[in-house]
Amino acid sequence: MIMPRTRFAAAALVMLIAARPLAGFAQESIEAVTLTLQIAAKTYVAGEAVPVKIKVLNNSGRRISFNETGRPEVLTLEVTHRNSSTEIAPFAEMKIFDRGVTLNPGEMFTHTVSIDKVFDLSKNGDYLITFSLLSQGRHYETKPAAFSVVPGKTVKKATQIFAGKADVQRVFTLVKWSRDSVQWLFLRIEEVPENPSLHFETINLGSFIELAPEPRLDVAPNGEVTVLHRASHDIFFKSVVWSLPKEVIYRGTTQMLDPVTAMSDRLKTVQDDVVTVMKESDKDRAEQKRKR
């Protein structure tokens, strides 16, 4: 379910970074704690979820604790625009990590957070993210990892108007973007005029190839939004979304066989069967004639 959220903006891992302490600390601090930051992709379409996985490995010979209420040992994520040193402040009501953690020697803590729900990533452009930890008086941090937010290329648009709200429109935009040598189709959803209390996540509808017929985007009067697009030469994807006044619910994507290709394959199978039957019939007649 895609729920409205208060002004906040899976795949091969592209970044694996060992943590380092700030300058001036002893070499042994490098071995005490290892931080890892993993990002699922290098680029994201505006409004798409941006999951980040962080790991903390306790390499020391004693227990370490962090993120406990009232203690200074905390995990921190920092996001900045690549061409600016200004840090993007997290949304006040959103918590990156909501519980304390204790690690015995050799244990690892793993956590995944969708940073678009914590930081405002609504602006297209390049971003840097850093993961850090204050532990036992030492500050560890990863090198900044880069990712980009892009608008995508518009394929098709459709508009929904709610009864009694003629001045409010919900705009559905199909956009395409290539990632890891595969082109993907996305559904972006926006309220016009912009409603600060409603912001909907961009949906990845699956792989997309540009062969006829072109993608279909239909909005029914009851709020059912249907997208039909070609995912390969013989496969279509059908995606269904329910667009309600206060929320958007993604119902899922199903795979469909191209009816033209399916019919061609079916006719070819029938033709092959007919040829086989005819050959067997000719063989039987020849055998019966020989016996006579």
Side-chain angles (χ1 to χ4, degrees), residues 1 5 8-44 48-82 85 87-121 126-149 179-182 201 204:
M1 177 182 294
R5 36 191 169 96
F8 50 70
L13 298 177
V14 300
M15 189 69 67
L16 183 62
I17 310 171
R20 55 180 173 81
L22 295 185
F25 290 120
Q27 179 67 24
E28 65 177 4
S29 65
I30 298 178
E31 300 176 353
V33 177
T34 300
L35 304 186
T36 302
L37 173 64
Q38 299 173 331
I39 306 177
K42 293 181 179 179
T43 59
Y44 294 88
E48 188 183 5
V50 184
V52 172
K53 179 181 287 187
I54 61 98
K55 296 180 182 179
V56 181
L57 175 62
N58 181 7
N59 296 318
S60 71
R62 53 186 173 179
R63 296 172 65 186
I64 62 172
S65 298
F66 48 85
N67 249 48
E68 296 181 347
T69 303
R71 294 182 60 86
E73 294 84 357
V74 293
L75 296 173
T76 304
L77 283 174
E78 295 181 359
V79 177
T80 62
H81 292 288
R82 187 163 192 163
S85 59
E87 182 182 342
I88 300 174
F91 300 114
E93 74 279 7
M94 303 300 295
K95 291 185 178 180
I96 301 175
F97 311 107
D98 56 3
R99 62 185 177 90
V101 177
T102 297
L103 294 179
N104 292 317
E107 286 189 333
M108 177 183 289
F109 167 74
T110 302
H111 182 76
T112 299
V113 56
S114 290
I115 60 173
D116 59 293
K117 294 178 175 61
V118 182
F119 300 94
D120 184 359
L121 305 180
D126 299 328
Y127 292 83
L128 295 175
I129 181 169
T130 304
F131 172 43
S132 63
L133 169 65
L134 177 64
S135 177
Q136 298 176 352
R138 292 188 172 92
H139 185 195
Y140 302 88
E141 66 177 21
T142 63
K143 293 180 180 178
F147 66 95
S148 300
V149 174
R179 181 185 293 160
D180 298 326
S181 302
V182 177
E201 188 175 291
N204 187 336

Next item on the list: Check the pair Leu77, Val118 against side-chain contact (heavy atoms from CB on, under 4.5 Å), reporting the backbone distance first and the verdict last.
Entry: CA-CA 10 Å; Leu77 283 174; Val118 182; over 6 Å; no
Item checked: Check: Tyr44 and Pro51 side chains under 4.5 Å, non-hydrogen atoms -> yes
Item checked: Point-to-point distance, once rounded to the nearest 0.5 Å, from CZ of Phe109 to CG of Leu35 -> 11.5 Å
Item checked: Shortest non-hydrogen contact between Glu107 and Asn104, atoms and distance -> OE1-N, 2.8 Å
Next item on the list: Measure across Ala49 and Ser114 and return the closest heavy-atom pair with its distance rounded to 0.1 Å.
Entry: CB-OG, 4.5 Å
Notebook entry, point to check: Considering residues at least two apart in sequence or located in another chain, which fulfil the side chain to side chain contact (heavy atoms under 4.5 Å, CB included) criterion with Val182?
Noted result: Trp184, Ser207
Notebook entry, point to check: Between Lys42 and Ser148, does a side-chain contact (heavy atoms from CB on, under 4.5 Å) hold up when you go through it step by step?
Noted result: CA-CA 6 Å; Lys42 293 181 179 179; Ser148 300; over 6 Å; no
Check: Atom NZ of Lys55 and atom CG of Leu37: how far apart are they, to the nearest 0.5 Å?
Finding: 11.0 Å
Check: Can you find a pair of side-chain heavy atoms, one from Leu134 and one from Glu141, that are under 4.5 Å apart?
Finding: no
Checklist line | Pairwise distance CG(Asp116) to CG(Leu121) - rounded to 0.5 angstrom | finding: 6.0 Å
Margin query: So if I apply the side chain to side chain contact (heavy atoms under 4.5 Å, CB included) rule between Leu133 and each of Thr142, Ile54, Leu75, which one comes out positive?
Written below: Leu75
Next item on the list: Begin from the C-alpha positions of Glu201 and Lys117 and carry the test salt bridge (charged side-chain N to carboxylate O under 4.0 Å, His left out) through to its verdict.
Entry: CA-CA 10 Å; Glu201 188 175 291; Lys117 294 178 175 61; 3.0 Å; yes
Check: If you take all heavy atoms of Arg179 and Thr43, which pair is closest and at what distance?
Finding: NH2-O, 3.0 Å
Checklist line | Heavy-atom closest pair, residues Ala146 and Leu128 | finding: CB-CD2, 3.7 Å
Next item on the list: Kindly indicate whether the side chain of Phe119, heavy atoms from C-beta on, has any atom under 4.5 Å from the side chain of Thr80.
Entry: no
Next item on the list: Identify, with sequence neighbours excluded, every residue that meets ring-ring contact (aromatic ring centres under 6.0 Å, His included) alongside Tyr127.
Entry: His81, Phe147
Next item on the list: Quickly, which of Leu103, Leu57, Val56 forms a side chain to side chain contact (heavy atoms under 4.5 Å, CB included) with Val33? Name it, please.
Entry: Val56
Check: Would you call Glu87 and Val79 a side-chain contact if the rule is heavy atoms closer than 4.5 Å?
Finding: no
Note to self: Run the side-chain contact (heavy atoms from CB on, under 4.5 Å) test on Arg138 and Tyr140 for me, step by step, so that the C-alpha distance in whole Å, both residues' side-chain angles and the decisive distance to 0.1 Å come before the verdict.
What the structure shows: CA-CA 6 Å; Arg138 292 188 172 92; Tyr140 302 88; 3.7 Å; yes
Margin query: Can you confirm whether Ile129 sits close enough to Ile39 that some side-chain heavy atom of one is under 4.5 Å from a side-chain heavy atom of the other?
Written below: yes
Check: How many angstroms lie between CD in Glu78 and CD1 in Ile88, if you round to the nearest 0.5 Å?
Finding: 11.5 Å
Checklist line | Interatomic distance, Asn58 atom CG to Ser65 atom OG [nearest 0.5 angstrom] | finding: 9.5 Å
